[in-house]
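The block underneath contains the structure these notes are about, expressed in structure tokens.
Reminder, nothing fancy here: chain letters follow the sequence lines and each chain counts from 1.
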2 protein chains.
Amino acid sequence: MSSNNPNTNPNITEIATLIGDPSRIAMLISLLGGKSLPAGELARAAQISPQTASSHLTKLVEGGLLVSEYYGRHKYFRLAGSEVAHALEALQAIAPSKPVRSLRESDRLKALHFARTCYDHLAGKIGVALTDKLMELKLIEQSGKDFILSEAGRKKLIAFGVEVDGTTGTRRHFARQCLDWSERRHHLAGSLGAALTRRLFELKWLEHLPDSRAVRVTEVGTRGFAEEFGLMDIQ
Amino acid sequence: MSSNNPNTNPNITEIATLIGDPSRIAMLISLLGGKSLPAGELARAAQISPQTASSHLTKLVEGGLLVSEYYGRHKYFRLAGSEVAHALEALQAIAPSKPVRSLRESDRLKALHFARTCYDHLAGKIGVALTDKLMELKLIEQSGKDFILSEAGRKKLIAFGVEVDGTTGTRRHFARQCLDWSERRHHLAGSLGAALTRRLFELKWLEHLPDSRAVRVTEVGTRGFAEEFGLMDIQ
DNA sequence: TTCATACTTCGATCATAATCGAATTGTCTT
DNA sequence: AAGACAATTCGATTATGATCGAAGTATGAA
């Protein structure tokens, strides 16, 4: 020691200080799955006001733990990289054993991975699979951060009962791409995604699980997805 | 959502808060090499008064990050386990690279990057290179977050004088992967990593640099690494 | 356009905790 | 024994930063 001034790395202090706040931890843990979440949802997750959340999120981005991206008036945040997730897990590892993670919780988590609503549209394994299928059938195609609905797609979806409401492709946020945390792939969002999802509930192909964003594919749905879209292996 | 109260784990918050203090970080980093140090020395390392240090150390022990032991009128502290070291290194990995102040500092940093002990095992360029070589020689192989010691590996290491102590592969944390902040690669940790490192010091292939976690490869070691493991370019 | 929503900035309040001086306990040395 | 040293406890000070209300900006919807 002696001459050694191991006051090394103000950096690691900064990082640890950044992590060492209850509200910020709550947000970070919410993001641990890899999903992007908007500021508002993170505020709710941490049970703090939007102002406070904004302040925290700014710090987390400046500290290099998060990155952000605008989607319209929403600002989405996600972990800056796998190292961040790794560090959080390493901290979990020395945190005293968690208060009884119930089996029910684990089940709910599995359900969330499989299918869930993301606000108003469909996400999870099913959301991604359906989106893939729509692309495969050339009903939609990628275009920057959006999807474009093809003429064939428009006809097909209208026939299916979706309120496509006029304009085919170019309106802003008509058919957004939304990054899926569980699948790490994009699924269909935007007003078209919402309308399609609405229709799926209407047809009772899908139903909500109680008290959750998770979604179940019904008997009818399983058949329907196969017959209408050639989507097998659903459930 | 809704019924979901993601105010999860006050534990991890506590741990991160504990780590997120400049003085405590300084002490923890001083202990990263795996040594036990008395309170007074830790106070000097953190450049704070003994009173303040005492307060911090009490908290670190209560938080489970350190353990203490009396030796006469001195009280020695050391890291509570390899998980703590692992978490600290994981934090280092996301800490932005430091602005190097002095030449001496740069030298010390280089030494740390080259070879250092991480609690009880070997890290840095050499730690990673050796781990790579062991994989190349099929003495160990990756398996999730662990390594598995092959039968050939077991024989080789026993012949080399490492106390492999029975069970070959499956024990928990027997051969952990540990993310290296300087190399951004994995190196061998766990009890096997510790045993191997112990043997390397025993053979005097490695020696500690004074006042540091840094490690030097000796003359004998340079030859040894080349002959036994085909590890060239050491140094 | 007007209205609602999502987020940010500013300012003030308030609680937490890091810090050290002073005094105390316990241990080692002489 | 006395004196020095190591660590701790207590108390007071102080600075940092988390928090939210109020107001402002930007986007989307009607």
Side-chain angles (χ1 to χ4, degrees), chain A residues 1 7 10 13-28 36-63 66-77 119-121 145-146 163 165-167 170-176 189-195, chain B residues 7 10 13-28 36-63 66-77:
Chain A
M1 233 32 74
N7 199 3
T13 304
E14 202 180 302
I15 296 293
T17 305
L18 215 44
I19 296 180
D21 172 85
S23 301
R24 288 193 289 260
I25 284 274
M27 298 193 207
L28 289 169
S36 284
L37 292 176
E41 192 156 335
L42 291 169
R44 254 177 294 131
Q47 315 193 30
I48 51 179
S49 72
Q51 304 94 300
T52 306
S54 179
S55 154
H56 284 309
L57 289 168
T58 302
K59 287 174 186 166
L60 288 170
V61 169
E62 281 172 352
L66 298 183
V67 292
S68 65
E69 202 176 351
Y70 281 99
Y71 271 85
R73 58 183 165 179
H74 295 272
K75 193 173 184 182
Y76 279 76
F77 296 85
Y119 302 110
D120 54 4
H121 58 275
K145 287 185 177 180
D146 290 306
E163 298 172 24
D165 81 337
T167 51
T170 51
R171 213 176 82 241
R172 258 169 83 112
H173 301 162
F174 167 67
R176 241 349 149 74
S191 60
L192 179 62
Chain B
N7 198 3
T13 304
E14 202 179 303
I15 297 293
T17 305
L18 215 44
I19 297 180
D21 172 85
S23 302
R24 287 194 290 258
I25 284 273
M27 300 195 212
L28 288 168
S36 283
L37 294 176
E41 195 154 336
L42 290 170
R44 253 178 294 131
Q47 313 193 34
I48 51 180
S49 71
Q51 304 95 299
T52 306
S54 178
S55 154
H56 284 310
L57 289 168
T58 301
K59 287 173 187 166
L60 287 170
V61 170
E62 281 172 352
L66 299 183
V67 291
S68 65
E69 205 173 350
Y70 281 100
Y71 271 87
R73 58 182 167 180
H74 296 271
K75 193 173 184 182
Y76 279 77
F77 296 85

Restricting to non-hydrogen atoms, name the atom on Ser23(A) and the atom on Ala46(A) that form the minimum distance, rounded to 0.1 Å. O-CB, 3.6 Å
Of all the heavy-atom pairs spanning Ala53(B) and Ala43(B), show the shortest one and how long it is. CB-CB, 3.5 Å
Separation of dA17(C) C1' from Leu18(B) CG (nearest whole Å): 12 Å
Quick one: closest heavy-atom pair of Thr17(B) and Gly20(A), and the distance? OG1-O, 3.1 Å
Which whole-number value in Å describes the distance from Asp21(A) CG to dA15(C) P? 17 Å
Heavy atoms within less than 4.0 Å of DNA chain D: which residues of residues 49-59 of chain A have one? Give them sorted by number. Ser49(A), Gln51(A), Thr52(A), His56(A), Lys59(A)
How many Å lie between CG on Leu42(B) and C1' on dT8(D), as a whole number? 15 Å
Determine: side-chain N/O of Ser23(B) to OP1/OP2 of dT19(C), distance under 4.0 Å, yes or no. yes
Figure out the CD1/C1' separation between Ile25(B) and dA18(C), and round it to whole Å. 15 Å
Would you give the length of the straight line joining atom CG of Leu18(A) to atom CG of Leu66(A), rounded to the nearest 0.5 angstrom? 8.5 Å
Which nucleotide in dA7(D), dA18(C), dT19(C) has an atom nearest any side-chain atom of His74(B): dA7(D)
Quick one: do Ile48(A) and Met27(A) satisfy side-chain contact (heavy atoms from CB on, under 4.5 Å)? Show the steps, please. CA-CA 10 Å; Ile48(A) 51 179; Met27(A) 298 193 207; 3.4 Å; yes
Nearest atoms (heavy-atom pairs only) where Ala26(B) meets Ala45(B): CB-O, 4.3 Å
Spacing of Glu69(A) atom CD relative to dA6(C) atom P, expressed in whole Å: 19 Å
With Ser49(A) via side chain to side chain donor-acceptor pair (under 3.5 Å) - residues at least two apart: Gln51(A), Thr52(A)
Using only side-chain N and O atoms of Lys75(B), determine if any of them is under 4.0 Å from OP1 or OP2 of dA6(D). no
Protein heavy-atom contacts under 4.0 Å, written 5' to 3' over nucleotides 24-30 of chain C as B (base), S (sugar-phosphate only) or - (none), form the string ---BS--
For Tyr71(B), give me all partners under side-chain contact (heavy atoms from CB on, under 4.5 Å), at least two apart in sequence or on another chain. Glu69(B), Tyr76(B)
Quickly work out the Glu62(A) CD to dG17(D) P distance and round it to whole Å. 13 Å
Atom CD1 in Ile15(A), atom CD1 in Ile19(B): separation rounded to 0.5 Å? 12.5 Å
Run the side-chain donor-acceptor check on residues 55-62 of chain B: report pairs under 3.5 Å with partners two or more places apart or on a different chain.
from, atom 1, to, atom 2, distance (Å)
His56(B), ND1, Arg24(B), NH1, 3.0
Thr58(B), OG1, Ser54(B), O, 2.8

Using the C1' atoms of the five pairs at each end, what is the angle between the end axes of the helix from dT1(C)-dA30(D) to dT30(C)-dA1(D), to 10°? 30°
Is the shortest heavy-atom distance from the side chain of Lys75(B) to the side chain of Leu42(B) under 4.5 Å? no
How long is the line joining CG of Leu60(B) and C1' of dA7(D), in whole Å? 16 Å
Find the distance Tyr70(A):OH to dT5(C):P and express it as a whole number of Å. 20 Å
